[in-house]
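What follows is one structure encoded as structure tokens, with my remarks underneath.
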Number of protein chains: 2
Amino acid sequence: MFVPTMKSFSNTVEKAVAARLEGRVPAPVKHVEAGQPLFHEGDMANTVFQVIDGVVRTSKLLSNGKRQIISFCYPGDLVGISHDQSYHTECEAVSDVHLRVFRKNAGNIRFGDDPEIVELLLHFAAMEVANMQEHFLMLGCKTATEKVASFLLSLACRSGVPGQLGISVSLPMKRADIADYLGVTIETVSRTITKLKTTGVIFLPDPHNVCITDMEALKSAAEKN
Amino acid sequence: MFVPTMKSFSNTVEKAVAARLEGRVPAPVKHVEAGQPLFHEGDMANTVFQVIDGVVRTSKLLSNGKRQIISFCYPGDLVGISHDQSYHTECEAVSDVHLRVFRKNAGNIRFGDDPEIVELLLHFAAMEVANMQEHFLMLGCKTATEKVASFLLSLACRSGVPGQLGISVSLPMKRADIADYLGVTIETVSRTITKLKTTGVIFLPDPHNVCITDMEALKSAAEKN
DNA sequence: CGAAGTATTGACTACCTTCAAAAATTGTGG
DNA sequence: CCACAATTTTTGAAGGTAGTCAATACTTCG
């Protein structure tokens, strides 16, 4: 049974685990501008990044130009863990981002000499798997409306802040990013958001800011039927 | 660019890594009959299993009864790695299976005292992430025909054996399993397989055995356009 | 051999996509 | 700060792919 509660979408645990990395190994900070790549699929995977602020996206491309966005990474999240020599996704900054840079030992998935680091990385990878499993449910089982509603809910849990009219959520990514994350078209995303707006579930000050005015309605839209 | 080559679908690396687990920690063997559960979502995650022979499936359920199959696990694969106290998927035997049983230390994701075990688990989890990323591409970007063709190709790479008429592949799972793995209906899977059969791409001795008679045609069906 | 379960096939429908155009937003230079 | 161009988002109309409902054929197993 899928109910996108605070718990299932929360990243407080991620943050706690990721925080333990700080200070254990040297980690210079890097700045990347919105739209710019961090790495490409196939690049040598010699660096793991931790998002400090901003949002990055990982994606895979099909030969016909279609794109699947795998994940949006928020502050605390790790990007770039690979089991072999090369990255398996594209990765770009959605907004301007600051990142902590962890260099891997030559060819080795762990970095530094601290064996506990490996355990932290394992913990994080296992969490990533759990998050991806939720994403699968969305791609395979849900209608367009359910997908968009679930997406807004998950963002609300990650980065929503209480405001005058309800939980206020920033949508730093473009409609095309949302579409490619949910496996629908830009038009469908736009139409669905409009529908949620006209039915009074959300308020849309501008295309990149959503206010959830009826949380219960949004939750039921996310698991309708 | 997604071309389901032997490389992208091969599990030879998985097997090599998984093999290193053998003998390092006590691992009794368990037998589970086809259709029977190994564990349910929410169960205490105190065991990691390694498939010896047979096939198991992991899945997640929606409150409306819809199901998303996350993965089919073949010999060598690990099932049941979790970052917290409980399993995050359902898990059942597709066929009769033999499993190696690894008990975890209380609440700890690693088992045994060997720190290298943790590195192996991390390696495996990272591979699982890479595999799931390919699966995402299938769910989000592909048509029904492309999904079924890609699925048959991936099975061919995992368990196909050369035969008289081409690569022979066993389909131990039901049509409903394939449908829930690909995010389509049973009818669509059936119709698509029939189409591949009538166009001479595959031969179907019976519903659970496929012979790939035209590998190039199948590959192009998997990445058409 | 018969019953239950599974797979295939058919007809119709609906949701989402595609193609196209208008509206709104963002960014840039004067 | 405003104007204009480029990009992004929204909206509209038509069509197609896959879903739903229903019936038949095939397997499997007691």
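So that the names make sense, note that chain A is the first sequence line, chain B the second, and so on, each numbered from 1. Just so it is clear, the structure is predicted and the values come from calculations on it, not from any experiment.
Rounded to whole Å, the distance from NZ on A:Lys197 to P on D:dT10 is 7 Å. As a whole-Å value, the separation of A:Leu171 CG from C:dT25 C1' is 15 Å. Between the NZ atom of B:Lys174 and the P atom of C:dG5 there is a distance of 11 Å, given to the nearest Å. Across the protein-nucleic acid pair, A:Ile186 atom CD1 and D:dT7 atom P stand 14 Å apart, rounded to whole Å. For the pair A:Lys147 NZ and C:dC15 P, the interatomic distance rounds to 14 Å; values are reported in whole Å. Atoms CG (A:Leu139) and C1' (C:dC16) sit 15 Å apart, rounded to a whole Å. One interatomic measurement links the two molecules: CD1 of B:Ile193 to P of C:dT6, which rounds to 16 Å at whole-angstrom precision. At whole-Å resolution of the value, NZ in A:Lys195 and P in D:dT11 are 13 Å apart.
The main-chain N or O of A:Glu41 is found under 3.5 Å from a side-chain atom of A:Glu90 such that the two form a donor-acceptor pair. A donor-acceptor pair under 3.5 Å is formed between the side chain of A:Lys60 and the backbone N or O of A:His88.
For residues 191-202 of chain A, the side-chain hydrogen bond (donor to acceptor under 3.5 Å, both in side chains) pairs, not counting sequence neighbours, are A:Thr145-A:Lys195.
Using a 4.0 Å heavy-atom criterion, one finds that A:Ser190 contacts the bases of the nucleic acid, with or without backbone contacts as well. As judged by a 4.0 angstrom heavy-atom cut-off over every strand, A:Leu182 is placed among residues making no nucleic acid contact.
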- In the 5'-to-3' direction, what one-character label does each nucleotide of nucleotides 12-30 of chain D receive under the scheme B = base within less than 4.0 Å of a protein heavy atom, S = sugar-phosphate only, - = no such atom? BB----SSBB---------
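Ring pair B:Tyr87/B:Phe39 is parallel by interplanar angle, where below 30° counts as parallel and above 60° as perpendicular. Ring geometry for B:His98 against B:His31 counts as tilted: the plane angle lies between 30° and 60°, on a 0 to 90° scale.
Salt-bridge formation is not detected for the pair A:Lys174/A:Asp180: no Lys NZ or Arg NE/NH1/NH2 atom is positioned less than 4.0 Å from an Asp or Glu carboxylate oxygen.
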